Visitor: 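Let me begin by handing over the structure; questions about it come next.
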Amino acid sequence: MSEILPIHAAFAAHVNDALDRLETAGTLPIDSSRKNVTVEPPRDPSHGDLSTNAAMVLAKQAKTNPRELAQALVSELGKVPTIESTEIAGPGFINLRIADAAWRDEIRVIAEQGDAYGRSAMGGGAVVNVEYVSANPTGPMHMGHCRGAVVGDALASLLEFAGHDVVREYYVNDAGGQVDVLARSVHLRYLQALGRDTGAIPEGLYPGDYLIPVGEALATELGDRFTDEPEAEWLPVFRAHSVDAMMGLIKADLALLGIHHDLFSSEAALQAAGKPEAAEVWLRKHDLVYDGVLEAPKGKAPPEDWEAVELPLFRSTKFGDDQDRPIKKSDGKWTYFGADLAYHMQKAEKADALIDIWGADHAGTVKRIKAAVAALAEGEDKTIPFDVKLVQMVQLMRDGEPLKMSKRSGNFITLAEMVEEVGKDVVRFTMLTRKPEAQMEFDFAKVVEASKDNPVFYVQYAHARVFSTLRKAAEEGLKPDIAGIDLLGSAELAMVQQAAQFPRIVEAAAQAREPHRIAFFLYDLAGAFHSYWNAGNDDPQKRFIVSQNDALTGGRLFLATQIGQVIRNGLALLGVKAVEEL
RNA sequence: GCGCCCGUAGCUCAGUCGGAUAGAGCAUCAGAUUCCUAAUCUGGAGGCCACAGGUUCGAAUCCUGUCGGGCGCACCA
């Protein structure tokens with residue numbers, strides 16, 4: 001027990017030790033299952049500092065009633081010196097009151113651990129691959145990509161902080177038909193750059209102006225080599241150049257949000273390496289791919305040109321999908337799914353767990369890709385934890401009115417425009433103040449208001465206040481002093497209790513893969529700080545800087561510094577700047 | 001027709017792998033500024049947790065059904 005544990009972890013350990021002793025004493029059966037035992041702060045503070053449901057959960061296993069077991073547990077917990085009082089309540093909750101000294105110690109723990117406070121070894125170094133964004137390389141990023149990008153990035157940071165070895169991956173869909181369209185669109189711009197009159201941009205090509213510089217660059221680089229050649233001559237060249245250029249745009253857009261991937265995996269490269277073929281061989285060997293004919297689509301409007309063709313089909317129905325899915329098209333090329341299946345197999349080789357962040361419009365393909373990973377796991381006789389997080393649509397609003405967006409008319413808001421208008425921190429924080437699977441509204445007017453309706457400023461302001469206080473104190477020759485924390489009273493320690501939840505919030509959020517919990521925690525902590533601060537308006541004795549009392553001031557400044565530290569650690573996970581001044 | 005997600009205060013949303021009297025912000029009402037930034041704080045009012053069944057010591061939370069909103073339902077990506 002030489003290792004310093006954050007306070008909640010320490011008390012969870014105390015409860016666990018007590019249960020161990022009950023096992024030894026025969027009160028509990030050996031190896032009782034404790035997976036539902038929780039040790040957490042009760043909703044109602046009058047119930048104490050911490051509460052455990054252990055007696056209720058384990059009563060059945062102990063073949064006794066909850067209150068009786070609680071009694072036994074309480075007498076064990078009474079031996080822990082930092083537990084000041086225990087109480088059995090309701091159906092068998094055990095409420096614990098913790099000595100002030102333990103909360104004071106937590107301030108020291110925060111100070112000692114600094115930027116590492118809240119970090120957890122929970123992940124055990126497991127390699128987790130988080131694939132997010134993966135926007136098609138056909139243009140700059142628009143608003144629709146934004147939420148998934150932020151959620152994926154924050155989740156990756158969170159998992160890292162919770163002890164996982166995270167790979168941030170971007171899947172580049174550079175092999176499909178839309179890349180041919182891109183290449184043709186760029187070729188047109190190339191001809192224009194060389195002074196050709198191309199007329200209006202034909203239907204079906206990308207009309208965006210962002211392709212003009214790409215065409216110009218190619219004109220400069222290639223001269224007029226490809227002006228009158230047949231398409232087959234120039235298409236591969238233009239495809240490669242265009243994808244590079246688009247990925248450049250996308251990376252620049254992502255950088256505006258502070259997002260950087262570790263790995264960009266190319267679909268074309270995957271195919272060139274023969275991965276889909278290898279996957280097909282493996283699947284056929286396990287009788288998971290067969291040649292068959294699909295039923296006619298049951299959608300509202302069956303395509304007129306639909307006809308029954310025999311295709312290689314993956315048995316996704318065996319793993320819960322609604323129908324088997326083709327991995328190759330009738331022209332012999334791989335379907336998107338066929339390549340994606342091979343891609344996930346490739347990812348699974350190098351990771352202990354996979355997470356995909358997708359837009360809600362891909363919800364229909366979740367089952368098949370989960371089926372693919374399940375098939376691989378079964379065939380290889382191992383478990384491959386695989387989560388697909390669906391991020392719901394964002395409804396953009398301006399002054400309470402929905403903004404209509406249409407990709408075809410080119411009337412869509414780009415990510416860059418959005419970041420420029422409201423700023424990176426606002427975009428990131430706002431996207432993280434909703435659980436991702438719920439739809440959300442994003443109102444430009446409200447979000448730039450920089451005040452009331454805007455949690456990001458509220459949290460940043462709390463952090464800034466810590467620093468403004470320290471600056472003010474420094475002018476008077478005062479500075480934080482750890483010796484002063486023994487003088488802190490219950491109002492200050494209440495704030496510590498709130499901040500001390502950070503480590504367990506990190507673990508819970510990482511486990512649930514829900515970075516938004518960090519955002520809400522920060523909002524609450526900032527609220528506690530503002531509230532404490534304001535008490536000083538009425539009573540000068542409650543300010544951080546107390547005149548004529550340098551010792552208490554030192555203690556309070558030390559506390560403020562540590563609250564700032566926790567806010568900073570949380571904001572770092574969200575990728576939001578912890579400003580020292582507003 | 002089928003699948004997935006959502007439905008909590010007037011509005012925007014939290015709600016800890018089922019826990020004690022369901023929370024916050026906005027809006028609204030009543031207050032606080034010779035003060036370390038009031039971009040803040042204190043208090044009031046506001047709830048059939050969409051609806052109906054079920055599971056159990058206990059359900060906003062899990063299961064079934066209904067209604068409402070969103071997204072999908074190609075050999076596209």
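Predicted model, so just to flag it, every value in this text is computed and none were measured. Chain letters run A, B, ... following the sequence lines, proteins first and then strands; every chain starts at 1.
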Visitor: Step through it carefully: locate the ring centre of A/Tyr132, locate the ring centre of A/Tyr171, and say whether they are under 6.0 Å apart.
Guide: no
Visitor: A/Ile545 has a side chain; which of B/G25, B/C36, B/U40 sits nearest to it?
Guide: B/C36
Visitor: Tell me yes or no: between the side chains of A/Tyr532 and A/Arg543, is some donor less than 3.5 Å from an acceptor?
Guide: no
Visitor: Are A/Glu40 and A/Ser51 close enough that a side-chain donor and a side-chain acceptor fall under 3.5 Å?
Guide: no
Visitor: Let's see if you get this right: which residues in residues 325-339 of chain A place a heavy atom under 4.0 Å from RNA chain B?
Guide: A/Pro326, A/Lys329, A/Ser330, A/Thr335, A/Tyr336
Visitor: Regarding A/Gln498 and A/Asp524, is there a side-chain donor-to-acceptor distance under 3.5 Å anywhere?
Guide: no
Visitor: To the nearest 0.5 Å, how far apart are OH in A/Tyr206 and OG1 in A/Thr138?
Guide: 4.5 Å
Visitor: Given a 3.5 Å cut-off on both pairing distances, which stems involving RNA chain B, each at least three consecutive Watson-Crick or G-U pairs, are present, if any?
Guide: B:1-7 with B:67-73, B:10-13 with B:23-26, B:28-32 with B:40-44, B:50-54 with B:62-66
Visitor: Where the side chain of A/Met56 is defined as all heavy atoms beyond and including C-beta, which of B/A32, B/G19, B/C36 is the nearest nucleotide?
Guide: B/G19
Visitor: Out of B/C71, B/U16, B/U12, which nucleotide sits closest to the side chain of A/Glu40?
Guide: B/U16
Visitor: Over all strands shown, is A/Ala473 touching base, sugar-phosphate only, or nothing at heavy-atom distances under 4.0 angstrom?
Guide: nothing
Visitor: Looking across every strand, which nucleic acid part, if any, lies under 4.0 Å from A/Asn537 by heavy atom: base, sugar-phosphate, or nothing?
Guide: base
Visitor: What does A/Asp174 touch in the nucleic acid at a heavy-atom separation under 4.0 angstrom: a base, only the sugar-phosphate, or nothing?
Guide: nothing
Visitor: Just by distance, with hydrogens left out, do A/Glu131 and A/Tyr170 show a side-chain donor and acceptor under 3.5 Å apart?
Guide: no
Visitor: Check every strand shown and say whether A/Arg434 touches a base, only sugar-phosphate, or nothing at a heavy-atom separation below 4.0 Å.
Guide: sugar-phosphate
Visitor: Looking at A/Ser51 and B/A20, is any side-chain donor or acceptor paired with a base atom of the opposite kind under 3.5 Å?
Guide: yes
Visitor: Please determine whether any donor N or O and acceptor N or O are separated by less than 3.5 Å between the side chain of A/Gln439 and the base of B/G69.
Guide: yes
Visitor: Does the ring center of A/His530 lie less than 6.0 Å from the ring center of A/Tyr461?
Guide: yes
Visitor: Would you say the side chain of A/Asp361 and the base of B/A77 hold a donor-acceptor pair, judged only by whether the two atoms sit under 3.5 Å apart?
Guide: no
Visitor: Nearest to the A/Asp538 side chain among B/A32, B/C71, B/A77, which nucleotide is it?
Guide: B/A32
Visitor: Restricting to non-hydrogen atoms, name the atom on A/Leu270 and the atom on A/Pro276 that form the minimum distance, rounded to 0.1 Å.
Guide: O-CD, 3.6 Å
Visitor: If the condition is ring-ring contact (aromatic ring centres under 6.0 Å, His included), which residues does A/Phe161 pass it with, not counting sequence neighbours?
Guide: none
Visitor: Taking the nucleotide of RNA chain B with the nearest heavy atom to each, does A/Asp324 or A/Phe520 sit closer to the 5' end?
Guide: A/Phe520
Visitor: Which is true for A/Ser531 with a 4.0 Å heavy-atom rule: it touches a base, it touches only sugar-phosphate, or it touches nothing?
Guide: sugar-phosphate
Visitor: Out of B/G15, B/C71, B/A20, which nucleotide sits closest to the side chain of A/Asn95?
Guide: B/A20
Visitor: If you only use heavy atoms from C-beta on, which nucleotide in B/G3, B/C36, B/A77 is closest to the side chain of A/His362?
Guide: B/A77
Visitor: Please tell me which of A/Gly527 and A/Ala508 maps to the more 5' nucleotide of RNA chain B, matching each residue to the nucleotide holding its nearest heavy atom.
Guide: A/Ala508
Visitor: Taking atom types as they are modelled, would you say the side chain of A/Arg465 forms a donor-acceptor pair with the base of B/U40 within the 3.5 Å cutoff?
Guide: no
